[in-house]
Amino acid sequence: MKKFIENLPKVELHLHIEGSLEPELMFELAQRNNIAIPFDSVDAIRAAYQFENLQSFLDIYYQGANVLINEQDFYDLTWAYLLRCKQDNVIHTEIFFDPQTHTDRGIAFDTVINGIHRALTDAQKELNISSQLIMSFLRHLDEDSAIATLEMAKPHLDKIAAVGLDSSEVGNPPEKFARVFKQAIELSLLPVAHAGEEGPADYIHQALNHLQVKRIDHGVRCVDDAQLVQQLIETKMPLTVCPLSNIKLKVFEQMTDHNIVELLRQGLQVTINSDDPAYFGGYMTDNFIAVADAHPATKQELAQFTINAIEASFINEQQKLNYINQVNNYLVNA
Ligand code: ADE
Ligand code: ZN
């Protein structure tokens, strides 16, 4: 099954580009930009990646992002992730970036987006990987800050497909961001939001009702509300689930406790994603293998995760059909 998973075409819909900053690159950028970090080696950085919950991770994740200063840094970060995509047979990826993490420390919005976008353009040409960009608002900050960020994005709307909502979930419910999401939708940006990772099932309801989201990021806490599960099935609402992330952040104690395969078998539109792979110990292939090891699944079921992701992606219908054909061809010959 390992070979089958390695070669399976994959689509990633939940990846924070700042969360793909590997310790080696963090160390290199710290030296290149003369930024002090509280670690004296790559090994010391890796050793610090022990998390109790989402917040204990976020504290280290925002600190790590401090080494990103120049447009080339954002390019190098994104390019390194895209090379890993190639290795894992990821054919399409939809990437979150958190502008406020950078603009709040004086980095220009243009610097961030231009570096990321240039790498994505090069990846289409040189690696044959297609992509979309999702601008995510930090929910621990206030809505006015999100609105100011949307304002900064206006000259770049040709580069951005969607808006998201991430960071500290509990205590920062989706309804807090109803106005900025309404404005984003008016600008033809597609809405998605993290909900039901650590927060309650009610936050999933709020994301659907107040933010009109097209996908729920994580959403694994939906199982606490049977009626909600039924609604998610009937509306084919995609959930971008991140298995290794959920174990590292103790959303589930161990992979055998994870509900992703059960949700798939109940008919939910679940997908497999890596979230912050540099921090959680694995990219796309690693996530598929971890799920399959803990929950024996058929090749058809594993391929269904990719089919679900293609259907839930923000590409056009023709591109979706092409990718679905690619997966089906792989499956019949596997
Ligand atoms: N930002 C980066 N990764 C995140 C996650 N898993 N949940 C919420 N915010 C995040
Ligand atoms: Zn996430």
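Keep in mind it's a predicted model, so treat the numbers as computed, not measured. Note that ligands are numbered from 1 as they come in the structure, with each ligand's atoms numbered from 1 the same way.
Given atom 3 (N) of ligand 1, the protein heavy atom at minimum distance is D276 OD2, 2.7 Å. Ranking the protein heavy atoms by distance from atom 6 (N) of ligand 1 puts D275 OD2, 2.7 Å first.
Using a 4.0 Å heavy-atom cutoff, S167 is listed among the residues neighbouring ligand 1. Within the structure, ligand 1 has H218 among the residues with a heavy atom less than 4.0 angstrom away. Residue contacts with ligand 1 include L58, since one or more of its heavy atoms lies under 4.0 Å from the ligand.
For the Zn ion (ligand 2), the set of nearby N, O or S atoms under 2.8 Å includes none belonging to C242. The Zn ion (ligand 2) has no N, O or S atom of D217 closer than 2.8 Å.
Inclusion of D98 in the set of residues having an N or O under 3.5 Å from an N or O of ligand 1 is not warranted. Considering backbone and side-chain N/O of S245, none are found under 3.5 Å from N/O of ligand 1.
The name of the N, O or S atom in H194 nearest to the Zn ion (ligand 2) is NE2.
Partner F280 forms a ring pair (Phe, Tyr, Trp, His ring centres under 6.0 Å) with one of Y49, Y61, F57 and no other, that one being F57.
Counting heavy atoms under 4.0 Å from ligand 1, residue E197 touches it through the side chain alone.
Near F57, meaning under 4.0 Å from one of its heavy atoms, ligand 1 places the atoms 2 (C), 3 (N).
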